[in-house]
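Being a predicted model, the structure only gives us computed values, none of them experimental.
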Amino acid sequence: MSPILAATPPMGWNSWNKFACTVDAAKVRRVADAMVASGMRDAGYVYVVIDDCWHGPRDPNGFITADTARFPDGIKALADYVHARGLKFGIYSDAGAKTCGGRPGSQGHEYQDALTYARWGVDYLKYDWCETGTRNAEEAYRTMAAALAASGRTILFSLCEWGTAKPWLWSPQVGQMWRTTGDITDKWDGKHGYSLGVVAIADLNEPLWPFAGPGHWNDPDMLEVGNGGMSDTEYRSHFSLWAMMAAPLIAGNDIAAMDAPTRAILTNREVIAIDQDPLGQPGRRVARDGTRETWVRPLSGGRRAVLLFNRGEAPARVAATWDQLGYPPSLRARVRDLWAHRDLPTAAGTIAADVPAHGVVMLTVSP
């Protein structure tokens, strides 16, 4: 039996959040090099994904080509460069006639495009939902999934339908991850045009925890950590929430230029280990008292990840009870703080911490 593709949530980097439509081969090569030099590859980030705007025209036979000004050596040469650094290579297309950036979409060319991606050495496809008209989402994504399966190469399929057609109900048989919301933006909360802040997205994604597991993941969109719109405290909360929800960890910053605090957040192996826990059961919010929240995620070996989350504008004390963790009240357990990287005193019945505004304390509790 072959291993499950995406047995744990995929990890990598995508060009969109930082570079949008200004992506080119030089930027992607620089990021690939930086993923190795920064320690991100060794922390588990393996996919380097070019988002929209790489496309040139279709050739006379209908096959897609790359924009020769941005990618003068072609996409296969870039994929080879990424592979040579021990990384995997991803690309982007759209289920409509055009991509969100106005480039040629894959509608009517699914099998040609999948074959092209396989020939280029693509390992991951993000498939968007612009310019689709009256097309049925399930049909569109099943068509491309069949095309990828027929391509002769294993390609992870990331469905980017924005949650409109409730993909969590049908996507587990189609792809390995599916967007549950509109686009993220580098803000703490609220709706900003068609985009959403981190907390707004978490609120939409969290209730969908029963639908995710090994090989099929809810995707609350890519990370904004390090892009400058939030504080490091807020970025730690963002990263922690995504890890608790078993979300794909797809960095979206300029890795080649990131500062030390950003690197420390993105490469915190203790938090990454929660996201990548082999049990594959997403966490959820188990208690909410005003702006104070307790989240719990079951882990392998009977352990629990606990997130004490303060959404408020002032520091607050947040607690978790053993009943919320599914433990008997008398059980004594070891406790570790994953951001402070230190063991706390053993505890029984309850645990509490002072949490900064917009901040988290993230713990593992081990019987």
Side-chain angles (χ1 to χ4, degrees), residues 5 12-16 19-32 47-85 87-162 165 174-176 179:
L5 183 59
W13 174 87
N14 177 291
S15 60
W16 185 259
F19 298 118
C21 234
T22 69
V23 68
D24 60 43
K27 288 172 181 170
V28 176
R29 285 196 300 268
R30 193 174 76 242
V31 165
Y47 290 101
V48 175
V49 183
I50 305 174
D51 209 280
D52 204 351
C53 302
W54 62 265
H55 316 67
R58 292 192 178 275
D59 73 12
N61 294 315
F63 286 93
I64 193 67
T65 66
D67 182 321
T68 54
R70 296 166 184 258
F71 299 91
D73 299 323
I75 301 296
K76 186 180 187 308
L78 187 56
D80 290 346
Y81 188 94
V82 169
H83 289 148
R85 279 139 190 82
L87 298 162
K88 295 183 178 181
F89 181 74
I91 209 160
Y92 163 101
S93 190
D94 187 280
K98 291 184 178 180
T99 71
C100 300
R103 304 302 177 103
S106 287
Q107 186 169 10
H109 296 273
E110 290 90 350
Y111 283 82
Q112 281 184 303
D113 288 355
L115 183 60
T116 299
Y117 303 152
R119 289 170 173 168
W120 286 346
V122 166
D123 304 297
Y124 177 121
L125 173 64
K126 176 183 172 183
Y127 203 49
D128 219 337
W129 189 242
C130 284
E131 302 292 337
T132 49
T134 59
R135 194 170 190 193
N136 176 274
E138 185 173 354
E139 172 275 320
Y141 285 96
R142 286 189 182 277
T143 299
M144 181 51 90
L148 293 173
S151 74
R153 185 175 178 86
T154 299
I155 299 175
L156 187 150
F157 193 24
S158 168
L159 289 69
C160 184
E161 187 269 348
W162 320 322
V174 179
Q176 287 69 49
R179 278 278 296 282

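- For K98, the NZ atom counts as loosely surrounded, since its 6.0 Å shell holds 12 or fewer non-hydrogen atoms of other residues, nucleotides or ligands.
- Taking the six-membered ring for Trp, Y141 and Y127 have ring centres closer than 6.0 Å.
- Under the 3.5 Å distance criterion, the side-chain polar atoms of D123 are left unmatched by any main-chain donor or acceptor of K88.
- Panel note: side chain H109, backbone G62; a donor-acceptor pair is recorded below 3.5 Å.
- Between the side chains of K27 and T22, at least one donor N or O sits under 3.5 Å from an acceptor N or O.
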- Show your reasoning for whether side chain to side chain contact (heavy atoms under 4.5 Å, CB included) applies to L148 and Y111. CA-CA 7 Å; L148 293 173; Y111 283 82; over 6 Å; no
- Begin from the C-alpha positions of L156 and L125 and carry the test side chain to side chain contact (heavy atoms under 4.5 Å, CB included) through to its verdict. CA-CA 6 Å; L156 187 150; L125 173 64; over 6 Å; no
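- Between P104 and H55 the shortest heavy-atom distance is O-CD2, 3.6 Å.
- Rounding to the nearest 0.5 Å places OH of Y124 at 3.5 Å from OG of S158.
- The main-chain N or O of V23 is found under 3.5 Å from a side-chain atom of R70 such that the two form a donor-acceptor pair.
- Between the side chains of D128 and W162, at least one donor N or O sits under 3.5 Å from an acceptor N or O.
- Side-chain contact annotation: S15 with D51, donor-acceptor N/O pair under 3.5 Å absent.
- Here the CG-CD distance, from L159 to E138, works out to 10.5 Å after rounding to the nearest 0.5 Å.
- Distance alone, capped at 3.5 Å, places no donor-acceptor pair between the D73 side chain and the A77 backbone.
- Contact check for Y81 versus V28: no side-chain heavy atoms found under the 4.5 Å cut-off.
- Annotation for A114 and S151: closest pair O-CB, 3.6 Å, computed over non-hydrogen atoms.
- Although no hydrogens or angles enter the test, the distance criterion places a donor-acceptor pair under 3.5 Å between the side chain of D59 and the main chain of N61.
- For W120, the side chain to side chain donor-acceptor pair (under 3.5 Å) criterion is met by no residue, not counting sequence neighbours.
- Of the residues T99, V49, I50, the one that meets the side-chain contact (heavy atoms from CB on, under 4.5 Å) test with Y92 is T99.
- Annotation: the span from F157 atom CZ to K126 atom NZ amounts to 12.5 Å, rounded to 0.5 Å.
- Under the 3.5 Å distance criterion, the side-chain polar atoms of Q107 are left unmatched by any main-chain donor or acceptor of G105.
- Annotation: cation-pi geometry not satisfied between R119 and Y117 (NZ/CZ under 6.0 angstrom from ring centroid, within 45° of ring axis).
- Looking at E139 and T143, their side chains do bring a donor and an acceptor atom within 3.5 Å of each other.
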- Going through the distances and angles, do R29 and L78 end up as a side chain to side chain contact (heavy atoms under 4.5 Å, CB included)? CA-CA 7 Å; R29 285 196 300 268; L78 187 56; 3.6 Å; yes
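- Distance check: D52 CG to C130 SG gives 8.0 Å after rounding to the nearest 0.5 Å.
- Scanning all heavy atoms of the two residues, the minimum distance from G121 to A79 falls at O-CB, 4.3 Å.
- Between E161 and R142 there is no salt bridge, since none of the side-chain N atoms of the basic residue sits less than 4.0 Å from a carboxylate O of the acidic one.
- Atom OG1 of residue T65 and atom CZ of residue R58 lie 9.0 Å apart, to the nearest 0.5 angstrom.
- Remark: W16 CH2 to C100 SG distance equals 7.5 Å, nearest 0.5 Å.
- Ion pairing between a basic and an acidic side chain is recognised when a charged N comes within 4.0 Å of a carboxylate O; R103 and D94 show no such pairing.
- Side-chain atoms of S106 and D113 include a donor-acceptor pair closer than 3.5 Å.
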